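Before any comments, here is the structure.
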Amino acid sequence: MASSLSQTVFSIFLILSIHQACAEMTHLHFYFHEILSGPNATVLTVVNPSNNTSLTFGKIVVVDDLLLEGLDENSKLIGRAQGLVGAVGKDGSLETLLNFVFTEGKYNGSTIAIYGRVEIGVTIERPVVGGTGMFRMTTGYTLAKPVVFTATKVVNEFDVYLWHNEMKDN
């Protein structure tokens, strides 16, 4: 029984090692623009609990944020960040479930899925847990550094590091 389990674990490790060795690394760099209010807001509160003592704990929002090539709001749009953000910690921490949907260039039509914890005001590291299109079977991580934080707008500079086998549709 122990020998069979050891062989299974070894086989899984070997398959994952081969996948990682054959995968190519892609580095993406862009700016994540979130508009908090106004007619072009990219954030909408869907749950706003009224029975708690915290300002945000329990709040859930949906986002459809802009992924732009540059810091300037008139930079080229390369995709959208769509998903859910929940205020999960009484310390103000957030949990994010995001899909980065690329709409331009080489990765047009591809997505990456990001899941993880956010603390406001610091560089945020989150895992990439999958993808579609050119990023099928991807793994990796993101680093998001806040560069603009006002009452109406948040901009994060994103570096995304992906390991994947470049997939092409037949």
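What you are looking at is a predicted structure, and each value in this text was computed from that prediction instead of being measured. Counting begins at 1 with the first residue of the sequence.
- Taking hydrophobic clusters as Ile, Leu, Val, Met, Phe, Trp and Tyr residues chained together by side-chain heavy-atom distances below 4.5 Å, Val63 does not share a cluster with Leu97.
- Closest of all the heavy-atom pairs between Glu104 and Lys76 is OE1-CE, 3.7 Å.
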Exercise. Run the numbers on Gln82 and Asn99 for side-chain hydrogen bond (donor to acceptor under 3.5 Å, both in side chains), then give the verdict.
Key: CA-CA 5 Å; Gln82 299 171 330; Asn99 280 300; over 6 Å; no
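- Listed here is the closest heavy atom pair of Ile114 and Thr142: CD1-CG2, 3.8 Å.
- Within the model, atoms OG of Ser93 and CD of Glu119 stand 6.5 Å from one another, a figure rounded to the nearest 0.5 Å.
- Counting only heavy atoms from C-beta outward, the side chains of Val118 and Glu95 never approach each other to under 4.5 Å.
- Between Lys106 and Met134 there is a side-chain heavy-atom pair separated by less than 4.5 Å.
- A donor-acceptor contact shorter than 3.5 Å links the side chain of Asp72 to the backbone of Asn74.
- Between Asn156 and Pro146, the shortest heavy-atom contact is OD1-CA, 3.0 Å.
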Determine all donor-acceptor pairs shorter than 3.5 Å in which one atom belongs to a side chain in residues 35-47; sequence neighbours excluded.
from	atom 1	to	atom 2	distance (Å)
Thr42	OG1	Ile35	N	2.9
Thr42	OG1	Ile35	O	3.4
Thr42	OG1	Asp65	OD1	2.5

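- Considering every non-hydrogen atom in both Leu67 and Phe32, the closest pair reads CD2-CD1, 3.8 Å.
- Thr26 contributes atom OG1, which lies 4.5 Å from atom CD of Glu24 (distance to the nearest 0.5 angstrom).
- Remark: of the listed residues Phe100, Tyr161, Phe135, Phe158, Phe135 is the sole one forming a side-chain contact (heavy atoms from CB on, under 4.5 Å) with Leu28.
- Taking all atoms of both residues into account, the shortest heavy-atom contact from Thr96 to Arg126 is OG1-NH1, 2.9 Å.
- Leu66 and Val147 sit in two unconnected hydrophobic clusters of ILVMFWY residues. Membership requires side-chain heavy atoms under 4.5 Å apart, directly or through other members.
- In this structure, the side chains of Val155 and Leu71 come closer than 4.5 Å at one or more pairs of heavy atoms.
- Val148 and Val154 fall into different hydrophobic clusters, where Ile, Leu, Val, Met, Phe, Trp and Tyr are joined by side-chain heavy atoms under 4.5 Å apart, directly or via other members.
- Side-chain contact between Ile124 and Leu143 is absent, with no heavy-atom pair separated by less than 4.5 Å.
- Counting heavy atoms from C-beta on, the side chains of Lys153 and Glu34 never come closer than 4.5 Å.
- Note: His29 and Tyr31 have perpendicular aromatic rings, judged against thresholds of 30 and 60 degrees for the angle between ring planes.
- Between Leu98 and Leu84 the shortest side-chain heavy-atom distance does not fall below 4.5 Å.
- Residues Val62 and Tyr115 share a single hydrophobic cluster, defined by chaining ILVMFWY side chains whose heavy atoms lie under 4.5 Å apart.
- When side chains are defined from C-beta on, Ile78 counts as touching Phe30, because their heavy atoms get closer than 4.5 Å.
- A donor-acceptor pair is defined here as one N or O able to donate and one able to accept, closer than 3.5 Å; no such pair exists between the side chain of Ser75 and the backbone of Glu69.
- In this structure, the side chain of Thr138 engages the main chain of Trp163 through a donor-acceptor pair within 3.5 Å.
- Residues Ile112 and Leu162 have side chains in contact (heavy-atom distance under 4.5 Å, counting atoms from C-beta outward).
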